[in-house]
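These figures come from a predicted structure and were not determined experimentally. Start at 1 and go down the list; that is how both ligands and their atoms are numbered.
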Amino acid sequence: MVSEMSTELIKRNIRFVSAMALSKRITRDLLQCNNYRVLVKRCICEHAAAAMMNEHHYETIPQTDDIKPFSDIPGPKGIYNIPFLGIALQFKPFTNYTPSDMPELLCNLRDKYGDIVKLKTGTSSMVYVFHPDYAKTVFQAQYKEHAKTQMKLPETFFKRNNIPKGVVLLQGEEWMKMRRSTQEKILRPAIVANYVPLIETVADDFVDQLRKTQMINDLHKELTNYTSESIGMLCFNKRLGYLDGTSDFDFYTNLQEMLTSFHQAFFLPIKSYKYFNTGIYKRFESSTLKIYRLAEREIKSQKQKLMKLEREGKLEEYLEKEPNFLHSLLSDHRVTDEQVSVIILDLIGAGIDSTANTIAFLLCDLAQNPDKQKKLYEEIKNVLGKSKKVKKSHLANLSYLKACVKETQRKRFPVFIGAQRILEHDLVLGGYRIPKQTAVAINNDAMSVDERFYPRPKEFIPERWLRSSDEDVTMGRNHPFGMKPFGFGQRSCLGQRFAENEIYICILKLIQNFEVLLPANVTDIPTVKRTFITPDAEIKLFLKERPEPVV
Ligand code: HEM
């Protein structure tokens with residue numbers, strides 16, 4: 001079919017579809033390409049395969065009158081169902097939305113169609129759910145493959161650079177093997193507790209540094225230094241030099257570049273980077289490769305150190321002193337050395353910006369709500385007293401601190417939209433029959449600020465999470481699946497427990513030592529979505545030393 005089309009006709013079609021659906025940049029890439037015949041062929045093959053995947057073969061659920069068919073799920077109809085073009089029509093220049101505004105677009109669709117919405121996103125339809133009960137059904141469904149949706153940019157990167165995929169991208173048996181060997185080293189509570197002293201040394205240095213300046217100039221950036229150092233301690237048992245400024249690698253810029261290009265690529269209607277070195281792809285590749293090389297370098301140097309200790313007969317003594325994630329990975333026969341590098345890359349990619357954002361937003365919330373900050377300070381004083389060292393028992397008793405973290409994550413849900421699942425069995429959701437292989441997005445981003453589930457959603461009310469509270473706002477506790485910042489189930493966040501400890505320790509050390517204040521003119525904290533929700537501008541924070549600081 002393609003061979004019969006004249007070159008000009010193909011070009012004209014590209015121009016037409018591009019004008020309708022694509023950005024100028026992709027149009028240019030397509031037109032500059034000498035190999036567009038290959039592109040068109042590949043697109044056609046992929047669309048056919050995707051269309052087959054999307055054909056609905058119902059499996060287990062019997063036909064009954066009270067279960068409505070998949071085709072009845074509300075959502076945009078007509079031209080909005082044309083593959084690729086349909087989703088492109090939802091964005092600029094046809095509307096005011098850019099791909100980054102997807103959460104707002106989805107909230108509008110919810111207001112128009114209800115708590116379950118079907119949207120054509122390429123060749124297939126994606127189901128978006130906006131009710132905690134539906135989220136619960138999807139999270140608790142049965143999965144064996146644990147397949148992921150829409151991660152085409154990193155997939156392309158790994159393939160082109162001949163790097164094996166890590167835990168974030170793998171699925172099925174391969175994923176399960178890698179996940180098991182990683183999670184037993186960082187997700188088990190007893191093991192994660194061993195990392196508390198390591199994180200604490202980083203937090204103490206951070207506080208000492210801030211005591212000198214009495215202010216933070218760029219909250220997000222400085223917290224990224226703290227979280228980079230903490231991940232350095234987890235992955236390499238080594239300080240990377242981000243707090244004292246001795247590092248020669250610009251982690252912050254590279255990480256932001258990697259997350260921004262990943263985010264931008266996520267909703268592109270046509271994934272042209274799969275065929276060409278587009279600008280987005282180049283930015284993703286360059287930043288990710290730099291981080292990957294850094295990980296490889298650090299792993300090599302740690303390996304040499306471990307071997308030297310072994311030769312000198314001092315390895316056991318060294319390993320007894322502190323937990324060593326890298327050593328336990330390297331000595332795990334289920335994981336190859338190449339896989340170790342990619343696991344570390346995953347932890348860096350998923351674990352630095354995410355935690356920095358939660359800490360940054362919580363500090364802003366506390367500064368804007370001095371009564372809550374005072375309550376938190378009182379709790380920290382009562383639980384820790386004059387103790388400088390954080391113990392497991394302290395962390396177990398800081399319930400107001402935990403409520404504050406949860407409330408901040410509710411107000412600004414940390415991850416773009418939320419978790420997604422590809423169903424492996426037919427499911428009834430909201431009275432509709434959803435066939436297996438359908439991708440379902442659990443829209444925690446919208447649910448967590450929906451006043452039907454969380455009254456007074458714009459306010460910072462940590463009390464809503466406390467068992468002892470009997471205020472009307474506590475009804476959110478009845479909807480636990482509306483607020484799952486770390487996801488749920490076997491594919492939930494691998495770093496959840498490490499992240500929580502990192503956040504708790506940083507906040508408790510800061511609030512133990514300083515009262516945090518925003519400049520008087522700051523009333524609003526603008527945010528932007530770059531894979532994770534992030535402050536959209538530099539935020540200054542003043543630190544007023546407590547009368548009895550813990551030094
Ligand atoms: C506030 C901080 C964090 C948040 C909100 C967060 C959130 C999430 C979410 C929502 C998922 C997907 C879960 C699902 O689909 O059910 C996820 C996956 C993941 N997270 Fe986190 N995360 C955070 C910190 C971290 C840290 C510190 C690390 C590493 C040390 C990490 C490593 C990972 C990895 C490797 C995955 C992929 C797991 C898999 O696919 O099996 N995360 N995270």
> More than 12 heavy atoms of other residues, nucleotides or ligands under 6.0 Å from NZ of K458: is that the case?
Replying inline: no
> Under 6.0 Å from the CD atom of E322, do we count more than 12 heavy atoms belonging to anything else shown?
Replying inline: yes
Quick check on contacts: which atoms of ligand 1 are under 4.0 angstrom from a heavy atom of [X]?
X: Q409; result: 1 (C)
X: V415; result: 7 (C), 10 (C)
X: I231; result: 30 (C)
X: W175; result: 39 (C), 40 (O), 41 (O)
X: A419; result: 14 (C), 15 (O), 16 (O)
X: G487; result: 10 (C), 13 (C), 14 (C), 16 (O)

What protein heavy atom is closest to [atom], reported as residue, atom name and distance in Å?
atom: atom 37 (C) of ligand 1; result: V168 CG2, 3.8 Å
atom: atom 40 (O) of ligand 1; result: R491 NE, 2.8 Å
atom: atom 7 (C) of ligand 1; result: P485 O, 3.3 Å
atom: atom 33 (C) of ligand 1; result: A350 CB, 3.5 Å
atom: atom 15 (O) of ligand 1; result: R421 NH1, 2.8 Å
atom: atom 6 (C) of ligand 1; result: F486 CD2, 3.7 Å

> Between CG of N254 and OG of S286, what distance do you get to the nearest 0.5 Å?
Replying inline: 6.5 Å
If you take all heavy atoms of [X] and [Y], which pair is closest and at what distance?
X: S230; Y: V202; result: OG-CG1, 3.9 Å
X: Q339; Y: R334; result: OE1-O, 3.9 Å
X: F70; Y: K118; result: O-NZ, 3.4 Å

Region of [X] that comes within reach of ligand 1 [heavy atoms, distance under 4.0 Å]:
X: Q420; value: neither
X: K484; value: neither
X: R179; value: side chain
X: Q496; value: neither
X: P414; value: side chain

> Quick one: does H146 get a heavy atom under 4.0 Å from ligand 1?
Replying inline: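 H146 does not count as a contact of ligand 1 under the 4.0 Å cut-off.
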>> Test ring-ring contact (aromatic ring centres under 6.0 Å, His included) on F488 and F481; report intermediate values, then the result.
In response: CA-CA 9 Å; F488 180 84; F481 285 85; 5.0 Å; yes
Flag [X] as yes when one of its N or O atoms lies below 3.5 Å from any N or O atom of ligand 1, and as no otherwise.
X: F488; answer: yes
X: Q490; answer: no
X: T358; answer: no

> Any Lys/Arg nitrogen of R110 or D450 sitting under 4.0 Å from an Asp/Glu carboxylate oxygen of the other?
Replying inline: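 The answer is yes: the pair qualifies as a salt bridge.
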>> Check this for me: does any side-chain nitrogen of one of E407 and R410 sit under 4.0 Å from a carboxylate oxygen of the other?
In response: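 Result for this pair is yes, salt bridge flagged.
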> Between the candidates S230, C493, S354, which shows the shortest non-hydrogen contact distance to atom 8 (C) of ligand 1?
Replying inline: C493
> For atom 35 (C) of ligand 1, which candidate among I359, L494, N357 holds the nearest heavy atom?
Replying inline: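 Comparing heavy atoms across I359, L494, N357, the nearest one to atom 35 (C) of ligand 1 lies in L494.
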Donor-acceptor list for residues 161-169 side chains, cut-off 3.5 Å, not counting sequence neighbours:
from	atom 1	to	atom 2	distance (Å)
N161	ND2	F157	O	3.0
N161	ND2	E285	OE2	2.9
K165	NZ	E155	OE1	3.1

> Stepwise, does the side chain to side chain donor-acceptor pair (under 3.5 Å) test hold for T98 with D101?
Replying inline: CA-CA 5 Å; T98 67; D101 303 322; 3.2 Å; yes
> Judged by modelled atom types alone, do K484 and N444 share a side-chain donor-acceptor pair under 3.5 Å?
Replying inline: no
> With no hydrogens and no angle check, do the side chains of Q264 and R283 hold a donor and an acceptor under 3.5 Å apart?
Replying inline: yes
